[in-house]
> 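Sharing a structure with you now.
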Amino acid sequence: MTIERADIEKLAELARIELNEATIAETTRSIADVLALVDQLQAADTEGVEPMAHPTDAVQRLRPDVVTETNQREAFQAIAPATEAGLYLVPKVIE
Amino acid sequence: MHNKTLADIIAGLNRGDFSSVEITRHFLDRIQQLDGQYNSFITVTAEAALASAAAADQQRANGSVPLFCGVPMAHKDIFCTNGVRTSCGSKMLDNFVPPYDATVVENFANAGAVILGKTNMDEFAMGSSNETSYYGPVKNPWDTNCVPGGSSGGSAAAIAARLTPAATATDTGGSIRQPAALCGITGLKPTYGRVSRWGMIAFASSLDQGGPMARTAEDCALMLNVMASFDGKDSTSIDRPVPDYSNYLNQPLSGLKIGIPKEYFGEGLNPGTEQAVRDALAEYEKLGATLVEISLPHSNLAVPAYYVIAPAEASANLSRFDGVRYGYRCENPKDLRDLYMRTRGEGFGEEVKRRILVGAYCLSAGYYDAYYRKAQQARRLIKQDFVDAFQQVDVIMGPTSPSPAFGFGAKGNDPVAMYLEDIYTIATNLAGLPGMSVPCGLVDNKPVGLQIIGDYFDEALMLNMAHQFQQATDWHQRAPEGLA
């Protein structure tokens with residue numbers, strides 16, 4: 001599996017990360033190295049092996065559907081980059 | 001004063017040999033005088049520490065107190081602390097002041113601990129050398145030209161330099177054990193689910209686990225007594241009674257079987273490290289244990305499986321850093337897409353971006369089965385190796401890391417060379433097993449760690465075995481020159 005600059009640009013778009021033009025070649029090379037490392041997995045015989053999602057195969061614990069948290073909007077919004085009238089501000093989405 | 005262990009400090013406070021204010025001030029003074037050389041703290045909370053030390057002294061004068069009352073320690077800067085900046089070693093969270101405490105932080109607060117500050121770490125715990133921190137690398141107190149290991153390198157270096165008697169840490173692929181080994185201290189990664197992850201900034205949620213770092217196994221037992229708890233706020237926390245880990249430290253080791261995996265003594269292991277580990281194993285034989293050669297045949301799959309699973313989970317976890325609700329936001333975004341792209345491009349460092357991109361690749365349409373599913377299958381094979389081994393032996397031992405501390409820049413910009421630093425520690429995270437590192441020798445005056453891997457929830461036995469070793473040897477008492 002070879003990975004090209006165009007693949008990295010697509011991944012960066014999917015992950016919403018702007019890449020630096022000066023380092024993109026280096027990023028492509030190092031990601032290719034990491035993928036070569038993980039490709040060693042392909043040699044493993046995993047026929048019939050159940051994938052393991054949790055170390056102790058625990059199942060999701062459920063709790064009663066009742067309100068347990070109090071509203072802390074002021075505390076949470078105090079650390080936000082931009083808020084107004086209790087709302088988070090972002091650049092205009094619809095013209 | 002600074003050579004006292006937690007156990008010594010607790011005893012001294014109980015006897016009235018010194019006050020909490022005195023010992024807290026002593027450590028704060030040392031941090032101020034010496035940490036310029038090591039960079040082990042990101043934030044020092046001197047004022048708050050002295051205030052809580054004074055309150056602890058008052059409380060002690062008024063009657064019975066919890067065990068850690070007035071005892072100074074530090075938290076890795078991955079644990080959220082109410083009102084105290086929690087950066088996770090990243091520009092992304094340089095301005096983040098959490099409105100709540102992590103459960104681990106709350107547990108230590110309830111036990112009366114005094115917090116000296118927040119320790120340096122690799123950015124988002126991604127690294128094995130502490131070179132990825134936004135706040136600059138931590139230097140190893142044994143040799144300031146060398147790395148302290150990572151990602152909990154700040155906690156490890158601060159303890160080694162006697163700037164704090166103990167600190168919390170976290171371990172996703174070796175981030176407690178490898179820096180403990182490289183800095184000559186004791187560290188324990190508990191069984192997955194034993195310590196609450198609530199308020200611990202997530203890297204790879206099926207692997208992350210918090211644990212103690214200190215100079216001795218006895219101190220790690222005291223800390224684990226506080227850290228381990230069932231927590232309804234962490235959906236993967238395990239509801240199982242917590243034993244008093246201090247109660248088992250003095251059990252004799254006769255009759256115990258130690259498994260020695262042949263795969264952990266192969267190519268790439270530094271000969272000096274190997275000799276130190278073999279000497280430690282011989283010491284265990286003297287203490288009455290039996291060595292049994294075992295095989296963990298799927299060990300070679302651990303690093304490749306980890307570098308699918310950890311980046312995949314990281315890419316999902318780190319999607320929350322969007323410049324909207326907290327943390328860094330780029331200047332003058334022209335639209336929402338630009339806000340996301342530049343916030344994340346500018347806020348994350350190179351290693352974090354690399355792992356997010358690798359994770360996004362492994363999870364992207366068409367590749368999921370070949371990578372993520374395959375890695376989860378390999379993960380089960382790795383776990384089964386350990387399950388089979390624990391049919392024959394009580395614990396498994398080997399080296400923590402392939403060599404002692406290396407120089408800054410030694411792994412250059414070769415991420416794969418850096419990833420192989422965790423070749424002996426990653427498998428236990430994939431299996432969810434507890435692992436520990438105990439000082440067992442010096443090579444060129446740099447510490448070597450012995451790794452102890454236990455069966456699920458066998459932390460008490462591991463601490464017992466580590467403590468007995470520390471009763472028979474003095475490696476854990478060695479200090480870097482001039483710091484004792």
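From a predicted model like this one, the values you see are computed outputs, not experimental measurements. To find a chain, count down the sequence lines: A is the first, B the second, and so on, and within it residues start at 1.
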> Would you name the heavy atoms of A/S30 and B/P415 that are closest together and state the gap between them?
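The answer is CB-CG, 3.9 Å.
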> What part of B/I238 lies closer than 4.5 angstrom to a heavy atom of chain A: side chain, backbone, both or neither?
side chain
> Considering only NZ, NE, NH1 and NH2 on the basic side and carboxylate oxygens on the acidic side, decide whether A/E50 and B/R379 come within less than 4.0 Å.
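Between B/R379 and A/E50 there is no salt bridge, as every charged N stays at least 4.0 Å from the carboxylate O atoms.
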> For A/A80, is there any backbone N or O sitting under 3.5 Å from a side-chain donor or acceptor partner on B/R329?
no
> Between A/I79 and B/P99, which heavy-atom pair has the shortest distance, and what is it?
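Answer, listing the atom of A/I79 first, then B/P99: CD1-CD, 4.0 Å.
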> For residues A/I17 and B/G345, report the shortest heavy-atom separation together with the two atoms involved.
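Where A/I17 meets B/G345 most closely, the heavy atoms are CG2-CA, 4.1 Å.
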> Looking at A/R16, A/R63, A/K10, which has the largest count of heavy-atom pairs under 4.5 Å with chain B?
A/R16
> Between B/A431 and chain A, with a heavy-atom cut-off of 4.5 Å, which part of the residue counts as in contact: side chain, backbone, both or neither?
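Backbone of B/A431 only, per the 4.5 Å heavy-atom cut-off to chain A.
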> When B/Y361 is tested against each of A/D7, A/V34, A/V38, A/I3 for side-chain contact (heavy atoms from CB on, under 4.5 Å), which residue passes?
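Only one of A/D7, A/V34, A/V38, A/I3 forms a side-chain contact (heavy atoms from CB on, under 4.5 Å) with B/Y361, namely A/I3.
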> Heavy atoms only: give me the nearest B/K374-A/L41 pair and the separation to one decimal.
CE-O, 3.2 Å
> Any side-chain donor paired with an acceptor under 3.5 Å for A/T27 and B/R354?
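Checked: A/T27/B/R354 side chains show no N/O donor-acceptor pair below 3.5 Å.
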> Under a 4.5 Å heavy-atom cut-off, does chain A meet the side chain of B/S319, its backbone, both or neither?
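For B/S319, neither part sits under 4.5 Å from chain A.
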> For the residue pair A/L19 and B/L357, establish whether any side-chain heavy-atom pair is separated by less than 4.5 Å.
yes
> How close do A/P55 and B/K383 get, heavy atom to heavy atom, and via which atoms?
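What the structure gives for the nearest pair is O-NZ, 3.1 Å.
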> Taking the side chain as everything from C-beta on, heavy atoms only, tell me whether B/Y306 gets closer than 4.5 Å to A/L37.
no
> Answer with side chain, backbone, both or neither: which region of B/F96 has an atom nearer than 4.5 Å to a non-hydrogen atom of chain A?
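The side chain, not the backbone.
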> Return yes if some donor-acceptor pair links the side-chain N/O of B/R325 with the main-chain N/O of A/P81 below 3.5 Å, else return no.
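No, B/R325 side chain to A/P81 backbone: no donor-acceptor pair under 3.5 Å.
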> Check step by step if side chain to side chain contact (heavy atoms under 4.5 Å, CB included) holds for B/Y192 and A/H54.
CA-CA 9 Å; B/Y192 182 78; A/H54 187 284; 3.5 Å; yes
> Checking heavy atoms, do the side chain of B/S315, its backbone, both or neither come under 4.5 Å from chain A?
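Looking at B/S315, nothing touches chain A.
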> Need one label for B/V308: side chain, backbone, both or neither, based on atoms under 4.5 Å from any heavy atom in chain A.
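Both parts, backbone and side chain.
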> Please report the closest heavy-atom contact between A/R61 and B/G232, naming both atoms and the distance.
NH2-O, 3.5 Å
> Determine whether the side chains of B/Y419 and A/D33 contain a donor N or O and an acceptor N or O closer than 3.5 Å.
no
